[in-house]
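Heads up: the structure comes next, in structure tokens.
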Amino acid sequence: AQTVTQSQPEMSVQEAETVTLSCTYDTSENNYYLFWYKQPPSRQMILVIRQEAYKQQNATENRFSVNFQKAAKSFSLKISDSQLGDTAMYFCAFTIIQGAQKLVFGQGTRLTINP
Amino acid sequence: DAGVIQSPRHEVTEMGQEVTLRCKPISGHDYLFWYRQTMMRGLELLIYFNNNVPIDDSGMPEDRFSAKMPNASFSTLKIQPSEPRDSAVYFCASRRGQGGGPQHFGDGTRLSIL
């Protein structure tokens, strides 16, 4: 079975701090992609960052970066210089390249950035 | 380019009524996905299409749910008859090509069955 686990249901930090959200996953596949999606109160699902499993280099997008540990099946998201607009639910997800094309999501982490 | 467009944004109806949710994918995207989001089960895939053909409908909860994609620019998800436990947010997403390309989500339809 393919699963994603986010062990932190809620997190709260002060504005400008750095925060790391945890994610572990389980799959027997070797080729897959990992994603972090953000869902603000407006309900949109917004892609934050994507990582190819065959790349060792960690993906970065401005203030967002990941720590991808393939052997440990870990994919954490780091948000630097957090902003009030980062307040949202964050979902970790993956999809395998061959076969089933669906995204498998974790249960999400509710992140609150306090002023 | 316009994103994935879903309608309606909100739907409130009584138990037993037929509900139809609509989705227009991004032009040029050949994959279309329907997801359901609830507090208890999180985000789960219901069905997905490739080139308008249903590929995997194993997530469709029961026969009351049906989905169609008559052409590349339109899909529907229908519930008949609806039940209170169908209350959820339903997302449509589309993607270009197979593999690791990102799925682009619509704004979702919040469905409430009374």
Side-chain angles (χ1 to χ4, degrees), chain A residues 1-10 23 25 27 29-55 59 61 64 66 68 70 75 88-110, chain B residues 2-11 23 25-26 29-51 53-60 67 88-112:
Chain A
Q2 298 171 340
T3 59
V4 177
T5 301
Q6 293 179 248
S7 59
Q8 305 149 313
E10 295 188 23
C23 172
Y25 59 93
T27 180
E29 299 288 331
N30 196 45
N31 295 318
Y32 50 88
Y33 282 77
L34 294 153
F35 305 86
W36 279 96
Y37 279 87
K38 166 185 177 180
Q39 187 177 38
S42 64
R43 201 173 73 205
Q44 294 173 292
M45 290 289 289
I46 303 166
L47 178 66
V48 175
I49 200 164
R50 180 179 70 150
Q51 173 80 42
E52 296 94 327
Y54 62 85
K55 286 189 176 180
E61 286 288 340
F64 299 87
V66 298
F68 174 46
K70 190 172 184 179
F75 183 61
M89 283 288 288
Y90 286 81
F91 293 94
C92 178
F94 82 91
T95 185
I96 61 175
I97 294 176
Q98 298 294 336
Q101 297 293 303
K102 66 181 180 182
L103 277 170
V104 178
F105 286 92
Q107 286 296 98
T109 296
R110 184 176 302 279
Chain B
V4 175
I5 300 172
Q6 289 187 247
S7 64
R9 185 157 173 80
H10 305 276
E11 175 86 10
C23 175
I26 293 173
H29 283 194
D30 52 344
Y31 281 86
L32 185 139
F33 304 82
W34 283 99
Y35 291 89
R36 180 171 67 176
Q37 184 179 31
T38 61
M39 287 294 293
M40 291 298 295
R41 299 174 66 90
L43 278 151
E44 52 183 348
L45 178 73
L46 299 177
I47 186 171
Y48 80 90
F49 296 82
N50 177 217
N51 292 323
V53 176
I55 303 300
D56 183 355
D57 66 353
S58 60
M60 296 286 262
V89 178
Y90 291 81
F91 285 100
C92 175
S94 70
R95 187 186 73 200
R96 185 194 306 271
Q98 189 178 356
Q103 292 185 19
H104 299 265
F105 284 76
D107 288 346
T109 295
R110 180 176 295 281
L111 177 63
S112 298

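Below, read A as the first sequence line, B as the second, and so on, with proteins coming before strands; counting in each chain starts at 1. Atom set for the values below is all heavy atoms of this structure, side chains included, hydrogens, waters and symmetry mates excluded. Not measured: the values here are computed from a predicted model.
For chain B, no part of A:Q51 is nearby; none of its heavy atoms comes within less than 4.5 Å. Contacts between B:E44 and chain A at a heavy-atom distance below 4.5 Å are absent for every atom of the residue. Proximity to chain A (any heavy atom under 4.5 Å) is shown, for B:L43, by both the backbone and the side chain. With a 4.5 angstrom heavy-atom cutoff, A:Y32 does not touch chain B via any of its atoms. In this structure, chain B has a heavy atom under 4.5 Å from the side chain of A:L47, while its backbone stays farther away. Heavy atoms closer than 4.5 Å to chain B are found in the side chain of A:F91, but not in its backbone. The contact between A:R50 and chain B is made entirely by side chain atoms (from C-beta outward), counting heavy-atom distances below 4.5 Å. The parts of B:R110 that come within reach of chain A are both its backbone and its side chain, each placing non-hydrogen atoms under 4.5 angstrom from that chain.
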Could you go through B:Q103 and A:Y37, starting from their C-alpha distance and side-chain angles, then the distance that decides it, and tell me whether this counts as side-chain contact (heavy atoms from CB on, under 4.5 Å)? CA-CA 10 Å; B:Q103 292 185 19; A:Y37 279 87; 3.8 Å; yes
For A:T95 and A:F35: C-alpha separation, side-chain torsions, deciding distance, then whether side-chain contact (heavy atoms from CB on, under 4.5 Å) applies. CA-CA 8 Å; A:T95 185; A:F35 305 86; 3.6 Å; yes
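Atom CZ of B:R9 has more than 12 heavy atoms from other residues, nucleotides or ligands within 6.0 Å.
Applying the ring pair (Phe, Tyr, Trp, His ring centres under 6.0 Å) criterion to A:F105, with sequence neighbours excluded, gives B:Y35. When the side chain to side chain contact (heavy atoms under 4.5 Å, CB included) test is applied to A:S42, the partners found at least two apart in sequence or on another chain are A:P40, A:Q44.
Heavy-atom pairs under 4.5 Å with chain A were tallied for B:P102, B:G42, B:G106; the largest tally goes to B:P102.
Between the side chain of A:Q6 and the backbone N or O of A:Y90, at least one donor-acceptor pair lies under 3.5 Å.
For the pair A:Y25/A:Q2, no side-chain contact is recorded, criterion being any heavy-atom separation below 4.5 Å from C-beta on.
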